[in-house]
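Accompanying notes for the structure given below.
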2 protein chains.
Amino acid sequence: MSEISPSELPRDFASLKALIVARAEELPRRLTQVATYAVENPDEMAFGTVASIAQNADVQPSALVRFAQSLGYQGFSDLQEVFRSRLRERVLNYDERLQQLQDHAKDKSKSSVILDGFSEASSKSIADLRQHIDENQLEQAIAMLANAETIYLVGLRRSFPISSYMAYAFGKLGVRTRLVDAVGGLAQEDVSFATAKDCVLAISFTPYASETVALAQAAVARKVPIVAITDSPFSPLASLATTWFEIQEANFEGFRSMAATLTLAMTLTVAVAERRSTRKGK
Amino acid sequence: MSEISPSELPRDFASLKALIVARAEELPRRLTQVATYAVENPDEMAFGTVASIAQNADVQPSALVRFAQSLGYQGFSDLQEVFRSRLRERVLNYDERLQQLQDHAKDKSKSSVILDGFSEASSKSIADLRQHIDENQLEQAIAMLANAETIYLVGLRRSFPISSYMAYAFGKLGVRTRLVDAVGGLAQEDVSFATAKDCVLAISFTPYASETVALAQAAVARKVPIVAITDSPFSPLASLATTWFEIQEANFEGFRSMAATLTLAMTLTVAVAERRSTRKGK
DNA sequence: TACTATATGGAATGAAAATTCCATAGTCTG
DNA sequence: CAGACTATGGAATTTTCATTCCATATAGTA
């Protein structure tokens with residue numbers, strides 16, 4: 001009945017998907033329709049019944065069975081097993097992982113618990129960042145930084161690793177920056193060379209370092225545009241900045257992650273460098 | 001028939017689990033058995049049939065139906081829906097997420113693609129770290145650092161943000177460190193004060209900064225124990241170090257993440273500080 | 001255009017599943 | 001210890017589901 005079925009049908013979702021895509025065009029019209037639906041709604045395929053799926057895909061129940069058979073499976077149920085296996089392999093979601101962390105904390109070494117805790121906090125922070133960031137704002141910040149003659153990187157104490165990373169990475173990519181560290185009030189002088197053609201990237205989290213705020217104020221006074229990365233709308237940087245990102249880092253036992261900030265920093269660095277190189281090319 | 005069912009039964013897995021746990025003890029013996037099985041085998045509950053689950057849980061099929069009804073559901077199928085919803089909500093696994101990134105790259109802004117790429121790379125790096133790390137090794141490194149009189153933090157160029165983060169965090173936690181930056185060959189002098197009672201934490205990735213290697217060699221000569229964080233068994237640090245961590249950072253378009261290294265750094269910092277404070281307390 | 005092969009819709013069928021029912025066992029109470 | 005109530009196992013029943021079948025439509029070919 002089926003053209004191919006050399007006993008080695010896909011049993012995992014990835015290869016099944018590949019098979020469906022490959023065979024899709026040589027299948028009859030209605031079965032192509034099923035193929036499309038299957039690839040686009042794998043969850044539904046895993047849990048639905050022939051009748052419910054048929055209704056949603058707008059085909060007859062028999063079409064589903066035929067589809068499965070034309071791929072070489074015994075019937076729909078056989079095919080459905082593969083879609084179900086996909087869900088079994090899925091990664092746990094955050095709530096579950098957190099729960100699991102707590103459940104297994106007893107039988108693990110203290111250091112492993114800490115590692116797991118920070119891993120979770122970091123992953124969660126990154127996921128939140130991705131979900132909450134405003135695309136337009138990201139675009140605006142990149143444009144501002146890409147247009148700047150010199151980027152002044154302001155980040156002290158806890159934020160210093162981030163700004164020093166950006167200084168290093170920008171340097172590698174040929175973008176001119178100035179890493180402002182505020183040792184003994186020398187910092188202000190640095191920024192006092194900045195003009196409206198430059199840009200300040202200020203990073204600060206609670207408790208906001210007073211030097212960072214002072215530097216940002218000096219920049220505002222000189223009409224230097226500011227991109228800020230901070231953690232709250234009430235941050236002093238929020239009102240000073242031309243545009244600003246709110247980053248919520250998850251914490252483990254009170255120690256905040258820095259993963260989201262670092263990820264955003266990497267993004268800005270590469271995006272700005274990329275923007276500059278394409279612009280220069282023209 | 002059922003005691004409670006005020007039309008607001010759990011429809012999500014988290015609250016269902018809470019309900020089951022809460023009601024478990026007041027249920028009859030066989031139904032408690034079902035409750036236990038359900039909580040411990042949620043996947044099976046989602047995919048199995050009444051017959052198959054009953055067999056695995058070693059109860060009669062009717063017990064499953066009764067269990068569902070005693071919680072307030074119409075029947076087993078009704079309850080099973082909740083277990084299924086849990087799997088639907090699960091996070092995609094890495095392969096799928098990567099695939100999805102590529103699929104949706106067209107209809108997104110370039111900057112979003114970069115952010116997604118780095119987010120993915122960071123999450124993956126952290127997951128790998130957690131999976132591959134050796135607990136005993138982690139313990140050993142923490143012990144070494146906790147016992148040191150002074151911790152010398154050696155990390156240059158790309159690794160400098162990490163060591164500077166640790167310097168900051170250790171400082172906050174009252175652990176004495178020395179951040180070694182190799183400006184103009186001054187570094188060596190720093191390490192030349194170190195003794196066997198201290199410890200060097202060296203961080204370096206390809207291409208290994210020659211200064212970091214030189215510092216590590218100087219430390220070896222003075223019999224100072226070394227904990228290293230690097231990316232390959234062929235790293236010059238691997239052979240010099242007393243113990244070392246291999247970290248594989250995922251990359252996006254050739255730009256390596258730093259999330260795993262940062263997560264390990266946070267772990268070491270907090271674990272060492274914690275170890276010291278408990279020891280001091282005795 | 002006629003013929004043939006293939007595809008499709010929809011009802012019929014048979015299998016499998018969930019649910020109910022009932023007889024019996026067990027437990028609690030007076 | 002008797003009686004009443006609850007719990008349990010397992011068979012009977014009903015519902016739901018996947019699959020097959022067949023009449024009709026569609027497309028391809030001579």
Side-chain angles (χ1 to χ4, degrees), chain A residues 1-5 9 16 20 23-38 41-85 87, chain B residues 1-5 9 16 20 23-38 41-85 87:
Chain A
M1 184 168 280
S2 56
E3 294 151 42
I4 57 128
S5 62
L9 286 171
L16 172 62
I20 293 178
R23 304 254 346 244
E25 44 190 327
E26 65 192 52
L27 288 174
R29 189 171 56 93
R30 205 52 20 133
L31 298 196
T32 311
Q33 192 179 334
V34 174
T36 307
Y37 185 87
N41 305 71
D43 277 18
E44 183 63 24
M45 292 292 286
F47 288 125
T49 67
V50 168
S52 70
I53 298 169
Q55 184 163 26
N56 289 333
D58 202 29
V59 297
Q60 288 295 322
S62 45
L64 287 176
V65 178
R66 274 190 224 116
F67 172 70
Q69 288 171 340
S70 79
L71 291 175
Y73 292 90
Q74 282 218 307
F76 176 79
S77 305
D78 196 18
L79 172 68
Q80 192 175 41
E81 267 310 304
V82 182
F83 282 93
R84 293 189 168 184
S85 77
L87 290 186
Chain B
M1 183 168 281
S2 57
E3 295 150 40
I4 59 127
S5 61
L9 285 171
L16 171 62
I20 293 178
R23 303 257 341 248
E25 44 190 327
E26 66 193 54
L27 287 174
R29 189 171 58 91
R30 210 42 29 127
L31 297 196
T32 311
Q33 192 179 336
V34 173
T36 308
Y37 185 87
N41 305 71
D43 276 20
E44 184 61 25
M45 292 290 287
F47 289 120
T49 66
V50 168
S52 70
I53 297 168
Q55 185 163 27
N56 289 332
D58 202 29
V59 296
Q60 289 294 322
S62 46
L64 287 176
V65 177
R66 274 190 225 116
F67 173 71
Q69 288 171 338
S70 79
L71 290 175
Y73 293 91
Q74 282 218 305
F76 176 79
S77 305
D78 196 17
L79 171 67
Q80 191 175 42
E81 267 310 304
V82 183
F83 282 93
R84 293 187 166 184
S85 77
L87 291 185

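Residue numbers begin at 1 in each chain, while the letters A, B, ... track the order of the sequences.
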| request: Ignoring hydrogens and angles, state whether a donor on the side chain of A/R66 or A/Q69 is under 3.5 Å from an acceptor on the partner side chain. | output: no
| remark: Separation between CG (B/D58) and CD1 (B/I53), nearest 0.5 Å, reads 14.0 Å
| message | Please report the distance, rounded to the nearest Å, between CG in B/L64 and P in D/dT8. | response | 13 Å
| For B/D78 and D/dT15, what is the distance between atoms CG and C1' respectively, to the nearest whole Å? | 15 Å
| 5' to 3' contact window, DNA chain C with chain A (heavy-atom distance under 4.0 Å) | C/dA7 to C/dG10
| If only side-chain N and O atoms of B/S77 are considered, is one of them under 4.0 Å from the OP1 or OP2 phosphate oxygen of D/dT16? | no
| task | Measure the OG-CG distance between B/S77 and B/L64 for me, rounded to the nearest 0.5 Å. | result | 11.0 Å
| B/Q69 CD to D/dA7 P, straight-line distance once rounded to whole Å | 13 Å
| query | Which atom pair, heavy atoms only, marks the closest approach of B/P61 to B/V50? | reply | CB-CG1, 3.5 Å
| request: Strictly below 4.0 Å, heavy-atom distances to any atom of DNA chain D: list the hits from residues 29-38 of chain B, or just say none. | output: B/R29, B/R30
| said: Judged by each residue's nearest nucleotide on DNA chain D, which is more toward the 5′ side, B/P61 or B/L27? | reply: B/L27
| query | Roughly how far, to the nearest 0.5 Å, is OG1 of A/T36 from CD of A/Q33? | reply | 7.5 Å
| field | Heavy-atom side-chain contact between A/F67 and A/I20 under 4.5 Å | value | yes
| field | Minimum-distance pair of heavy atoms, taken over all atoms of A/E44 and A/S52 | value | OE2-OG, 3.8 Å
| field | A/E81 and A/Y73, any side-chain heavy atoms less than 4.5 Å apart | value | no
